[in-house]
Protein chains: 2
Amino acid sequence: MSDLRQQILVTAKILLIKHGYHGLSMRQIAEAVGVSKAALYYHFKDKEELLLAILVAYLDEIEAVIDQVRAEGGDSRQQVLLLIENVLSQPAEKRALIRLSSQEMAQLSVPARATFDRAYHEKFIDKIRGLLRAGMDQGELRSMDPDVATWTLLGMMYPYFYPAHTADVPPPADVAEQLASIYLDGMASR
Amino acid sequence: MSDLRQQILVTAKILLIKHGYHGLSMRQIAEAVGVSKAALYYHFKDKEELLLAILVAYLDEIEAVIDQVRAEGGDSRQQVLLLIENVLSQPAEKRALIRLSSQEMAQLSVPARATFDRAYHEKFIDKIRGLLRAGMDQGELRSMDPDVATWTLLGMMYPYFYPAHTADVPPPADVAEQLASIYLDGMASR
DNA sequence: CCTACCGATCGGTAGG
DNA sequence: CCTACCGATCGGTAGG
């Protein structure tokens with residue numbers, strides 16, 4: 001992986017967060033990096049491949065966060081708290097990327113969307129669902145549709161993936177506590 | 001309000017949901033309506049004003065839904081259930097617009113964003129927060145930061161504002177029940 | 001003079 | 001990786 005490729009990814013990621021896929025031009029990226037537009041096309045087949053590289057690289061980071069939470073042990077309820085804390089304490093830029101993943105998916109071509117969707121579920125959704133399902137099996141969480149449980153947890157964090165809420169800093173730690181408290185009480189086994 | 005203006009709004013709304021702001025051209029809208037591009041510019045100063053008109057018109061619909069829920073009475077916990085049921089049973093197109101509102105806000109110019117932001121809070125966020133705060137004052141909901149309570153409720157519904165989840169039909173009624181159950185148990189007074 | 005458009009084209013920029 | 005371009009399309013506006 002060349003230095004320039006890395007530099008392109010870093011710069012393009014920042015611009016993508018600010019402008020979205022269609023609002024961002026290859027010309028713009030090239031100028032920000034300080035290279036010609038052709039240089040971008042040397043490293044990435046087209047605009048879509050560049051977007052995909054940014055998003056998939058980020059999915060790897062998310063996966064690492066989730067794996068770390070699961071490895072740190074504790075029961076599933078502690079893991080949910082830890083997950084919320086870890087996700088919300090990410091820098092605003094990283095949280096924005098989670099939102100962009102689902103948001104810009106619709107802009108992808110059919111094959112690219114299929115590729116991304118697979119990684120999105122494998123590295124992100126399925127991992128969280130696995131954590132929650134384990135908690136249900138252990139009787140630590142109430143038994144319900146694991147998909148609804150997963151998307152509810154993600155959804156609760158979603159507002160903090162928008163710039164409007166973040167003001168470019170992570171939300172205070174007590175927001176994570178409040179979210180965890182609502183979710184865990186709502187998901188308590190009965 | 002002329003017929004053509006209405007027709008433009010209806011058509012542009014559908015295209016906006018599919019393509020997003022930057023992915024949608026005035027040309028495309030004009031062709032879909034069956035008029036010239038100049039006709040669009042007769043009714044709307046520019047592309048941004050058209051987007052704004054679509055979103056603000058939809059905020060009025062949301063406001064009506066919330067007002068209706070509050071008018072139907074019942075305690076705040078019943079109103080939360082009713083709100084979730086009503087929002088999730090909206091057609092996929094309407095739910096997609098809620099997501100677009102927050103999503104495309106970032107693409108607006110500074111003055112346009114200020115205008116929209118005011119309407120967004122007045123007709124949507126503040127109404128829900130008012131409902132929840134009333135519930136807290138009555139002791140029907142646990143006392144906590146009303147903003148966190150509001151965004152948690154909205155966030156839980158967010159996944160169902162994405163096409164990936166909706167498959168163009170409303171989620172089954174028991175999803176609304178499950179969401180309400182998690183939220184209301186998590187928000188139960190203690 | 002008006003409202004409600006039209007066909008054609010402007011200067012720039014898109015992805016490649 | 002660059003310079004020099006392309007076919008097409010972008011948002012917006014001219015005169016009538």
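Any value given below was found using the heavy atoms of this structure, including those in side chains, with hydrogens, waters and symmetry copies removed. Quick note on labels: first sequence line is chain A, next is B, and so on, each numbered from 1.
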**Student:** Do the side chains of A:R70 and A:D67 get close enough for a salt bridge, i.e. N-O under 4.0 angstrom?
**Tutor:**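 Judged by the 4.0 Å cut-off on N to carboxylate O distance, A:R70 and A:D67 do not form a salt bridge.
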
**Student:** Tell me: CG of B:D3 to P of C:dC5, nearest whole Å?
**Tutor:**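 So the CG-P distance, B:D3 to C:dC5, works out to 9 Å.
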
**Student:** Output the rounded distance in Å from CZ (A:F44) to P (C:dG16).
**Tutor:**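 Checked: the CZ to P distance equals 14 Å.
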
**Student:** If you compare every side-chain N and O of A:H43 against the phosphate oxygens of D:dC1 (OP1, OP2), does one of them come in below 4.0 Å?
**Tutor:**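 Yes, such a contact exists.
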
**Student:** Is there a side-chain polar atom (N or O) of B:Y42 under 4.0 Å from OP1 or OP2 of C:dC5?
**Tutor:**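 B:Y42 to C:dC5 OP1/OP2: no side-chain N or O under 4.0 Å.
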
**Student:** Would you kindly compare B:Y21 and A:S36 by the position of their nearest DNA chain D nucleotide and give the one closer to the 5′ end?
**Tutor:**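 First, find each residue's nearest nucleotide; the 5'-ward one identifies A:S36.
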
**Student:** Grab the NZ-P distance between A:K47 and C:dT13 for me, whole Å please.
**Tutor:**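 Roughly 15 Å, once rounded to whole Å.
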
**Student:** Side-chain N or O of B:S25 versus OP1/OP2 of D:dC10: is the shortest distance under 4.0 Å?
**Tutor:**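 For B:S25, the contact criterion (side-chain N or O under 4.0 Å from OP1 or OP2 of D:dC10) is met.
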
**Student:** Could you label the plane-to-plane angle of the B:H121 and B:W151 rings as parallel, tilted or perpendicular, counting under 30° as parallel and over 60° as perpendicular?
**Tutor:**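 Answer is perpendicular, since the angle exceeds 60°.
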
**Student:** Can the positive tip of A:K13 be found less than 6.0 Å from the middle of the six-membered ring of A:Y58, inside 45° of the ring normal?
**Tutor:**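 No cation-pi geometry.
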
**Student:** Mind checking if A:I8 touches a base, just sugar-phosphate, or nothing, with heavy atoms under 4.0 Å?
**Tutor:**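 Nothing, no heavy atom under 4.0 Å.
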
**Student:** Over how many whole Å does the gap from A:K37 atom NZ to D:dC5 atom C1' extend?
**Tutor:**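 Whole-Å distance recorded here is 10 Å.
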
**Student:** I'd like to know if the side chain of B:R133 pairs up with that of B:S76 as donor and acceptor (distance under 3.5 Å, no hydrogens or angles considered).
**Tutor:**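 Looking only at side-chain atoms, B:S76 and B:R133 do not form any donor-acceptor pair under 3.5 Å.
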
**Student:** Quick one: A:I29 CD1 to C:dT13 C1', roughly how many Å, whole number?
**Tutor:**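 Result: 14 Å.
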
**Student:** When you check the phosphate oxygens OP1 and OP2 of D:dC10, does a side-chain N or O of B:R27 lie under 4.0 Å from one of them?
**Tutor:**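 Answer is yes, contact under 4.0 Å.
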
**Student:** Measure NE2/B:H22 against P/C:dG15 and give the value in whole Å, please.
**Tutor:**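 Between P of C:dG15 and NE2 of B:H22: 12 Å.
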
**Student:** Quick one: B:Q6 CD to C:dA4 P, roughly how many Å, whole number?
**Tutor:**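 That distance rounds to 14 Å.
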
**Student:** Among the candidates D:dT13, C:dC5, C:dC6, find the nucleotide nearest to the side-chain atoms of B:L4.
**Tutor:**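 The answer is C:dC5.
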
**Student:** Nearest of D:dC2, C:dC6, C:dC5 to any side-chain atom of A:A39?
**Tutor:**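 Taking heavy atoms from C-beta onward, the closest nucleotide is D:dC2.
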
**Student:** Write down the distance between CZ (B:R5) and C1' (C:dA4), rounded to a whole number of angstrom.
**Tutor:**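 After rounding, the reported distance stands at 14 Å.
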
**Student:** Within 45° of the ring axis of A:Y162 and under 6.0 Å from its six-membered ring centre, is that where the NZ or CZ of A:R99 lies?
**Tutor:**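 That pair qualifies as a cation-pi contact.
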
